[in-house]
Each structure stands twice: as C-alpha cells, then as structure tokens.
Amino acid sequence: SEKRAILIAENEANSIYNFVDFQRAKKAGKEYKIWVTEGDERVRTAHAMVDWKKIPIDQRFAVGPDLLRFPHDYVYGSAENLVNCRCACLYR
C-alpha cells in the first residue's frame with residue numbers, strides 16, 4: 001500500500017542520513033556522540049534510557065537488546081528500535 005511504502009521510504013532515508021552523519025563526524029575528528037530523543041510520551045522506553053547519554057564516538061549505545069552506533073543503525077538494529085524512530089545523534 002502507499003502508506004506502507006511511505007513508512008519504508010522514511011525509515012530507509014533516516015538510516016542513510018544517520019549513517020552519513022556518523023561518517024562525517026568521525027572524519028571531522030569528533031570524539032563523542034549524544035543520543036537525543038524527542039522527549040515526548042511517544043518515545044520508546046529503551047530510547048528514553050539513553051536520552052542525552054554521551055559516549056565515545058566508537059562505542060555503541062545499549063538500546064534495549066541492540067548495540068547501536070546511532071539511531072536507525074540498520075546494521076545492528078532490530079525493527080523494534082528502528083521503525084518509526086524519531087531520535088537523533090549529536091556529535092562533539
């Protein structure tokens with residue numbers, strides 16, 4: 001359906017954006033990353049647990065059962081952590 005196609009396209013675009021952002025941050029010499037949620041009632045419990053957590057750029061966030069490099073990490077993330085995720089990552 002069109003709704004399903006839009007959902008898949010949005011999630012794939014977010015995965016690509018976050019991967020590119022991560023690679024650019026590493027190339028720019030950023031040393032830390034911070035997971036940031038939308039901070040509202042729709043945030044998943046596992047995501048809220050890492051909200052504003054600062055870690056070294058080469059470490060992974062423990063998000064529920066997954067160890068993610070960044071939000072929408074399609075390599076290491078499960079559907080429960082990726083689909084409709086609205087989180088972002090800040091780099092310092």
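Keep in mind that this is a model prediction, so the values were computed, not measured. Position 1 is the first residue of the sequence, and the numbers go up from there. Just so it is clear, the values below take in all heavy atoms, side chains as well, and ignore hydrogens, waters and symmetry mates.
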Gap between atom [atom2] of [Y] and atom [atom1] of [X] - 0.5 Å precision:
X	Y	atom1	atom2	answer
Arg69	Phe19	CZ	CZ	6.0 Å
His72	Asn18	NE2	CG	6.0 Å
Ile16	Tyr74	CD1	OH	7.5 Å
Arg44	Met49	CZ	CE	15.0 Å

List, one per line, each side-chain donor-acceptor pair under 3.5 Å for residues 82-92, sequence neighbours excluded.
unit_1	atom_1	unit_2	atom_2	d
Arg86	NH1	Asp40	OD2	3.0
Arg86	NH2	Asp40	OD1	2.6
Arg86	NH2	Asp40	OD2	3.3

message = Given 3.5 Å as the limit, does a donor-acceptor pair link the side chain of Asn81 with the main chain of Gly64, or not?
response =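 Not at all, since once roles are kept as given, no pair shorter than 3.5 Å links the two residues.
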
message = Going by side chain to side chain contact (heavy atoms under 4.5 Å, CB included), Val50 matches just one of Val36, Val63, Ile34. Which one?
response =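 Exactly one candidate clears the test, Val63.
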
request  = Might you point out which heavy atoms bring Phe70 and Ser15 nearest each other, and give the distance in Å?
outcome  =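 Looks like CE1-O, 4.4 Å.
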
ask   = Can you name the nearest heavy-atom pair linking Thr37 to Asp51, along with the distance?
value =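 Distance-wise, the nearest heavy atoms are N-OD1, 2.8 Å.
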
ask   = Under a 4.5 Å cut-off applied to non-hydrogen side-chain atoms, are Trp35 and His47 in contact?
value =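 SC-SC contact between Trp35 and His47 confirmed.
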
ask   = How about Arg60 and Asp66: do any of their side-chain heavy atoms sit closer than 4.5 Å?
value =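 Counting from C-beta outward, Arg60 and Asp66 never come under 4.5 Å.
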
Only pairs under 3.5 Å count here: list side-chain donor-acceptor contacts from residues 21-31, not counting sequence neighbours, and write none if there are none.
unit_1	atom_1	unit_2	atom_2	d
Lys26	NZ	Asp58	OD1	2.9

task = Indicate if Leu68 and Val75 have the same hydrophobic cluster label, given that clusters are the connected sets of ILVMFWY residues with side-chain heavy-atom separations under 4.5 angstrom.
result =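 Looking at the clustering, Val75 is in the same group as Leu68.
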
ask   = Any link between Val20 and Tyr17 through a network of hydrophobic side chains (Ile, Leu, Val, Met, Phe, Trp, Tyr) touching at under 4.5 Å?
value =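 Val20 does not cluster with Tyr17.
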
ask   = Ile55: what forms a side-chain contact (heavy atoms from CB on, under 4.5 Å) with it, not counting sequence neighbours?
value =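 So Ile55 forms a side-chain contact (heavy atoms from CB on, under 4.5 Å) with Lys33, Lys53, Gln59, Phe61.
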
